[in-house]
Amino acid sequence: MRFVRGAFGPPTPPEVRERHERLMAAMDPGVLARCRDGLYPAPDAFGARAAARAYPARRRPVLGVYSTRATGGRERAGPPHPCSRVEAWQRCGHHLHEDRGDALVASVEEWTAGLDEPGRPLA
């Protein structure tokens, strides 16, 4: 519950906060603990694996939207596709699509429109 409460930014509507807290409270604590361990603290966790660090080295364009510049670091670290873009939206929480849904839709629409420009290789 501490993670859930810390995952929101100032623009998060109260009803979104309440829904996430309700969903988290209804989950089996053992399942949550195993999921968390599998993502981060365990030695072979996905979030810590070398394979996860290499993941951003993609061949296709990526639009990465993060709540801080630091969290987008992995995306910037790999060899970027020429059509890729990384954005940092300060003051948002973990749920960017709920904090600034309209802005996210506008960003995706603008970015995908640019993929059709002549001379922009997608592969």
Linking I/L/V/M/F/W/Y whenever their side-chain heavy atoms sit closer than 4.5 Å, directly or via other members, would Val105 and Leu96 fall into one cluster?
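No.
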
Q: Treat each ILVMFWY residue as a node, draw an edge where side-chain heavy atoms are under 4.5 Å apart, and state whether Tyr66 and Phe3 are in one component.
A: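 No, Tyr66 does not connect to Phe3 through the hydrophobic network.
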
- Message: With a 3.5 Å distance limit and no angle check, can you tell me whether Trp111 reaches the backbone of Cys83 through a side-chain donor-acceptor pair?
- Response: yes

Quick check against the 3.5 Å criterion: does Asp99 have a side-chain atom that pairs as donor or acceptor with the backbone of Pro11?
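No.
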
Under 3.5 Å, is there a donor-acceptor pair linking the side chains of Thr68 and Gln90? no

- Going by distance alone, is a donor N or O of one side chain under 3.5 Å from an acceptor N or O of the other, for Glu87 and Trp89?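 Yes, side-chain donor-acceptor contact under 3.5 Å.
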
- [ ] With the side chain counted from C-beta on, respond yes when Leu63 and Ser107 share a heavy-atom pair under 4.5 Å apart, and no when they do not.
- [x]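 In contact.
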
So, do His95 and Phe8 have ring centers that fall under 6.0 Å from each other? yes

Show, in sequence, the C-alpha distance, side-chain angles and deciding distance for Arg91 and Ser67, and conclude whether the side-chain contact (heavy atoms from CB on, under 4.5 Å) test is met.
CA-CA 7 Å; Arg91 298 179 38 86; Ser67 59; over 6 Å; no

Let me have the donor-acceptor pairs involving side chains of residues 20-27, under 3.5 Å, with sequence neighbours excluded, atom names and distances please.
| from | atom 1 | to | atom 2 | distance (Å) |
| --- | --- | --- | --- | --- |
| His20 | NE2 | Glu98 | OE1 | 2.7 |
| Glu21 | OE2 | Arg5 | NE | 3.4 |

| said: For Asp28, is the CG atom crowded, meaning more than 12 foreign heavy atoms sit under 6.0 Å from it? | reply: yes

Residues Arg100 and Cys92: closest non-hydrogen pair is CD-SG, 3.3 Å

